[in-house]
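See below for the structure under consideration.
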Amino acid sequence: MTATAVVDAQCGDTGKGKIIDYLIPILCIKFNCRTGGGENAGHTVVVEDEVIKFHLYPSGAMYPDVLNIIAPGVVVNPERLIKEIDSLEKGKHKINLLVSDNADVVFSWHKALDGAQEIRRGAKLIGTTKMGIGPAYMDTAGRTCTITMGELIDPDIFREKLDIVYPLKELELKAYGIGMQETKEEILQKASEWRARLKNYVGDTVYKINELIRKGENVLFEGAQGTLLDVRFGTRPYVTSSHPIAGGVCVGAGVSPKLIDSIIGVSKAYLTRVGEGPFPTELGSYEEIKNETQPEKEEEIEKVAKELLIRINNGKASDLEIGRYLRLKGGEYGTTTGRPRRTGYVDIPMVKYSHLINDFDKLAITKLDILSGLKEVKICTAYIIDGKETERFRPNSRELGKAEPVYETFDGWPEMTSKDWVPYVESGTLPYEAELYVDRIEELVDVPVLLASVGQERHQTVFLNH
Ligand code: IMP
């Protein structure tokens with residue numbers, strides 16, 4: 001029996017979707033359970049010519065014999081889930097899904113509140129995805145205003161609950177000077193459509209998962225977002241409202257920590273962050289890139305990236321340009337919002353802090369291919385804060401705002417096409433300089449590296465098995 005948790009060691013967007021899709025056959029997984037967050041998450045899975053972007057549907061979607069479970073810890077926007085089911089069905093994928101009847105539903109008022117609260121925060125905004133996640137989890141904690149998936153699929157209970165919740169939410173929105181987005185009748189109508197589409201997928205997941213694990217089945221727990229976005233242990237207030245850490249898997253799914261056998265941390269070979277929040281190794285600044293958009297054409301991206309690479313390797317590029325290069329080459333634009341992701345060098349004190357909180361058994365390093373072609377690459381090993389050097393990351397946004405990174409610099413490895421990676425994928429090795437780079441991360445974090453991802457597709461993965 002193995003229960004494996006896959007969680008993000010950074011600020012989200014490390015490519016957990018691809019890693020889970022890759023690991024499912026390797027770990028003989030038949031049950032994949034998403035444990036937290038909502039449609040604020042974005043996972044991209046690429047298999048052959050097909051690119052599927054999910055927000056809610058778990059990442060085992062490409063395997064017809066894998067049951068994908070949405071645990072109670074997830075907040076579910078039924079509209080989004082139905083859209084994802086539709087697009088999977090269109091692509092002739094089997095829907096093998098179980099949604100917890102104890103998961104809370106995200107409604108239009110949550111989104112409206114999310115937007116209104118962000119406006120109210122003014123310059124101190126969080127930079128949320130505006131998907132209603134914070135307000136939905138606030139209702140979970142507040143107890144009175146939640147409506148679960150189980151309640152949604154029972155028309156009488158739903159009507160009863162709506163009678164309680166609607167006026168309270170109306171009142172709350174009024175404080176922000178806005179009204180409800182929909183009338184009660186419109187919500188009831190929508191709910192009946194959602195019910196018709198989703199009722200067959202809704203059921204108990206807690207007994208199911210616990211029985212599966214105790215029966216010896218292999219279960220994978222899919223974390224969403226990243227450790228540094230944890231509502232308690234992340235860089236508050238620039239965090240999401242759930243627990244993306246390994247402990248959050250237990251809270252989200254309703255399993256004992258004793259039942260999780262292995263925890264895999266996923267970290268990019270560099271670092272990105274979307275939205276506001278501290279970022280000591282950032283290349284450039286959020287202010288400068290906020291309005292940047294992703295060039296539409298592939299050729300345009302390649303052309304600009306090529307020009308930037310020449311400047312970088314000639315030592316002529318500014319930090320902002322290096323950051324832009326990583327953004328363009330890595331396709332670092334939000335899956336959910338399209339926002340440009342802030343980019344920077346890998347931050348070891350941060351990943352070590354993540355390891356402290358999660359106790360990783362293995363690390364998966366993603367997007368290693370994006371660094372190829374750079375003459376040199378850097379790793380942040382410590383910070384200088386108020387004149388003092390420290391290797392300790394504390395998720396204190398004020399303190400981190402002052403942190404100056406201390407870097408180790410490494411020789412880069414040659415520019416490589418996907419074909420150039422094939423022998424490395426086949427032999428489970430890396431180009432010499434890339435190996436040194438990964439080995440140093442492994443040594444500093446003190447966690448063995450299981451694999452390095454060198455492309456979006458499932459097969460573009462080097463299984464190192466350290
Ligand atoms: P929220 O989760 O929409 O409330 O957003 C709170 C913060 O978490 C913002 O900085 C978002 O950009 C960030 N965030 C939420 N979900 C993700 C994700 O899946 N990847 C990266 N950042 C995320």
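Just so you know, ligand 1 is whichever comes first in the structure, and atom 1 is the first atom listed for that ligand.
- Looking only at protein heavy atoms, the nearest one to atom 11 (C) of ligand 1 is G127 O, 3.6 Å.
- The protein heavy-atom contact nearest to atom 3 (O) of ligand 1 is T129 OG1, 2.5 Å.
- Scanning all protein heavy atoms for the shortest distance to atom 21 (C) of ligand 1 gives D13 OD2, 3.0 Å.
- A parallel orientation is assigned to the rings of F360 and H355, their planes being inclined by less than 30° (bins at 30° and 60°).
- Under the 6.0 Å distance and 45° angle rule, R342 counts as a cation-pi partner of Y286.
- Protein heavy atom nearest atom 17 (C) of ligand 1, with residue, atom name and distance: Q225 CG, 3.5 Å.
- With hydrogens and angles left out, the side-chain atoms of K18 and T461 include a donor and acceptor closer than 3.5 Å.
- Of all atoms in ligand 1, listed by their number and element, those nearer than 4.0 Å to a heavy atom of V274 are 10 (O), 12 (O), 21 (C), 22 (N).
- Considering V346, D347, V266 as possible partners of Q10, the one that fulfils the side-chain contact (heavy atoms from CB on, under 4.5 Å) test is V346.
- Residue-level proximity to ligand 1 for R339 is carried by the side chain, the only part with a heavy atom below 4.0 angstrom.
- Every atom of ligand 1 is numbered from 1 in the order shown, and the set under 4.0 Å from a heavy atom of C11 is 21 (C), 22 (N).
- Nearest residue to atom 19 (O) of ligand 1 from G37, S241, G12, A41 is A41 (criterion: closest heavy atom).
- Closest to atom 2 (O) of ligand 1 among all protein heavy atoms lies T240 OG1, 2.6 Å.
- Using cut-offs of 30° and 60° for the angle between ring planes, the Y407 and Y345 rings count as perpendicular.
- In this structure, K111 fails the cation-pi test against F107, since its NZ or CZ atom is not both closer than 6.0 Å to the six-membered ring centre and inside 45 degrees of the ring normal.
- Heavy-atom proximity to atom 22 (N) of ligand 1, evaluated over D114, L229, I133, T128, is greatest for L229.
- The shortest side-chain heavy-atom distance between L464 and L450 does not fall under the 4.5 Å cut-off.
- Of all protein heavy atoms, the one lying nearest to atom 6 (C) of ligand 1 is V239 O, 3.2 Å.
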F221 vs V255, test: side-chain contact (heavy atoms from CB on, under 4.5 Å). Steps then yes/no. CA-CA 10 Å; F221 291 105; V255 293; 4.0 Å; yes
